[in-house]
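Protein chains get the first letters and strands the later ones, always in sequence-line order, with residue 1 at the start of each.
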Amino acid sequence: MIEWSPATISAFQTTLLAWFDREGRDLPWRHDHEPYHIWVSEIMLQQTQVQTVIPYYERFMAWFPTVTALAQAPESQLLKAWEGLGYYSRVRNMQRCARQLLADYEGQWPKTATELTELIGIGPYTAGAIASIAFNEPVPAVDGNAFRVFSRLLEIDADIAKPQTRSLFEKVIARIIPKDRPGDFNQAIMDLGSSYMTARNPDSAHSPVKDFNQAYLDGKELDYPVKTKKPRPVPVDYVAVLAQADGQWLMTQRPSNGMLANLWTVPLLKVADLDLAEDYLPADLELAIQTYFQQEYQLRVTGFDLGLKPVKHTFTHQKWTIQLFGAKVEQPDLAYFPGKLVSTAQLTTLPMPKVQEKIWDRYQPK
DNA sequence: AACTCGTGGCA
DNA sequence: TTGCCAAGAGT
């Protein structure tokens, strides 16, 4: 890792901000510095690309224009606003944060990163982003872009996958961030990281700060950032039961904890949870499904393999293979079932994850 | 500290 | 297909 002199730091600031003034992106959440707008955009942008976020952001602002509107919204509407974005706890935590603001902060945002971190769903990165952009506090906002950009500029060899590495980057950036324009600086780093200094095909030869990029000057750009890789997704087998009664679909709401919390799907049974031998036969599966519904939900279903190609869906850490079964529900008494019957016309009113969309598409290709 | 939590894009 | 990456936070 190299160190910059005060003169180099000053030159870097000037060059970066001049470029940002010329070529910084015009994004919907950059039209003002309202903390609510900055906050919503930052939460949406966590692990999510700008292009994906834009339409969600526009709709979210139309539906929930203020912290109060967000605090008062029914959860089903929140999840509908987030449907397809992923990491659904983000939006549930946003509502908790909105209520926290109204209850404990008199509806006024705290103005420092340290205080912002106390709010639900706001971690070190988002606190830095809001504090610097909305309140002009000279603090770093260390996201994936900042890790990548500064690791290359300064040839920082620390493993960014390790939690402790964040504090090293925060110290380094704290020395470089300009006190007069911290928000623009942090956003400029993000723009730089998504244009010239990208992860895969960087174009540093044309970067406004190429002369400051030590890794590029040394021809070692792709060696940075140093990052240990994550384990690959674990395969998990599921059975989806497309059950109908009275012309309606049997839909279930997932538990309030864990993956896809509170979203709606057809019943998804983990094959490993069914009472099956190692080398079970297709006919055994039908019986196992029937038994499962009887025991867990006191429901009589007669399932049958739809003979369709299994649906595959990969999450960050799980790779699902889902076999589709059709079913008829006899005399539906849903007292013990965590869900309800829904007409085809009403299906779209439920917040559903992408994997459910794939299941519908397999059953009824458009 | 390591693991959990979605989805889309890209080579 | 596979693997990795994209404005991370909670537990």
For DNA chain B, the residues among residues 253-271 of chain A that have a non-hydrogen atom under 4.0 Å from it: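 Within this stretch, A:Gly258, A:Met259, A:Leu260 sit under 4.0 Å of the strand.
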
Check DNA chain B against residues 154-164 of chain A and give the residues with a non-hydrogen atom under 4.0 Å, in numerical order.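 When residues 154-164 of chain A is checked for heavy atoms under 4.0 Å from DNA chain B, the hits, listed by number, are A:Pro163, A:Gln164.
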
Among A:Leu16, A:Ile9, A:Thr15, which residue satisfies the side-chain contact (heavy atoms from CB on, under 4.5 Å) criterion with A:Phe12?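 For A:Phe12, the side-chain contact (heavy atoms from CB on, under 4.5 Å) check succeeds only for A:Leu16.
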
Scan A:Lys319 against the nucleic acid and name what it touches under 4.0 Å (heavy atoms): base, sugar-phosphate only, or nothing.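 If one applies the 4.0 Å heavy-atom cut-off, A:Lys319 turns out to touch the sugar-phosphate alone, with no base involved.
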
Base, sugar-phosphate or nothing for A:Pro353? Non-hydrogen atoms, less than 4.0 Å.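 Counting heavy atoms under 4.0 Å across all strands, the contact made by A:Pro353 is with sugar-phosphate only.
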
In whole Å, what is the span from the [atom1] atom of [X] to the [atom2] atom of [N]?
{"X": "A:Trp320", "N": "B:dT4", "atom1": "CH2", "atom2": "C1'", "result": "13 Å"}
{"X": "A:Lys358", "N": "B:dG8", "atom1": "NZ", "atom2": "C1'", "result": "10 Å"}
{"X": "A:Phe315", "N": "B:dC3", "atom1": "CZ", "atom2": "C1'", "result": "17 Å"}

Euclidean distance for [atom1], [N] against [M] (whole angstrom):
{"N": "C:dA7", "M": "B:dT4", "atom1": "P", "value": "24 Å"}
{"N": "B:dG6", "M": "C:dT11", "atom1": "P", "value": "14 Å"}
{"N": "B:dA1", "M": "C:dA6", "atom1": "P", "value": "22 Å"}
{"N": "B:dC3", "M": "C:dC4", "atom1": "P", "value": "16 Å"}

Mind checking side chain to side chain donor-acceptor pair (under 3.5 Å) for A:Asp21 and listing every partner two or more places apart, or none if nothing turns up?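 A:Arg181.
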
Under the rule for side chain to side chain donor-acceptor pair (under 3.5 Å), what residues qualify as partners of A:Thr165, not counting sequence neighbours?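 Per chain and number, A:Thr165 pairs via side chain to side chain donor-acceptor pair (under 3.5 Å) with no residue.
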
Taking side chain to side chain contact (heavy atoms under 4.5 Å, CB included) as the definition, give me every residue that meets it alongside A:Arg59, ordered by chain and number, with sequence neighbours left out.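 Side chain to side chain contact (heavy atoms under 4.5 Å, CB included) list for A:Arg59, sorted by chain: A:Tyr56, A:Trp63.
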
So, A:Arg152 and A:Asp218, do they make that salt bridge, N to O below 4.0 Å?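 No.
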
Counting primed atoms, P, OP1 and OP2 as sugar-phosphate and everything else as base, the B/S/- map of nucleotides 4-11 of chain C against protein heavy atoms under 4.0 Å is BSBBBSS-

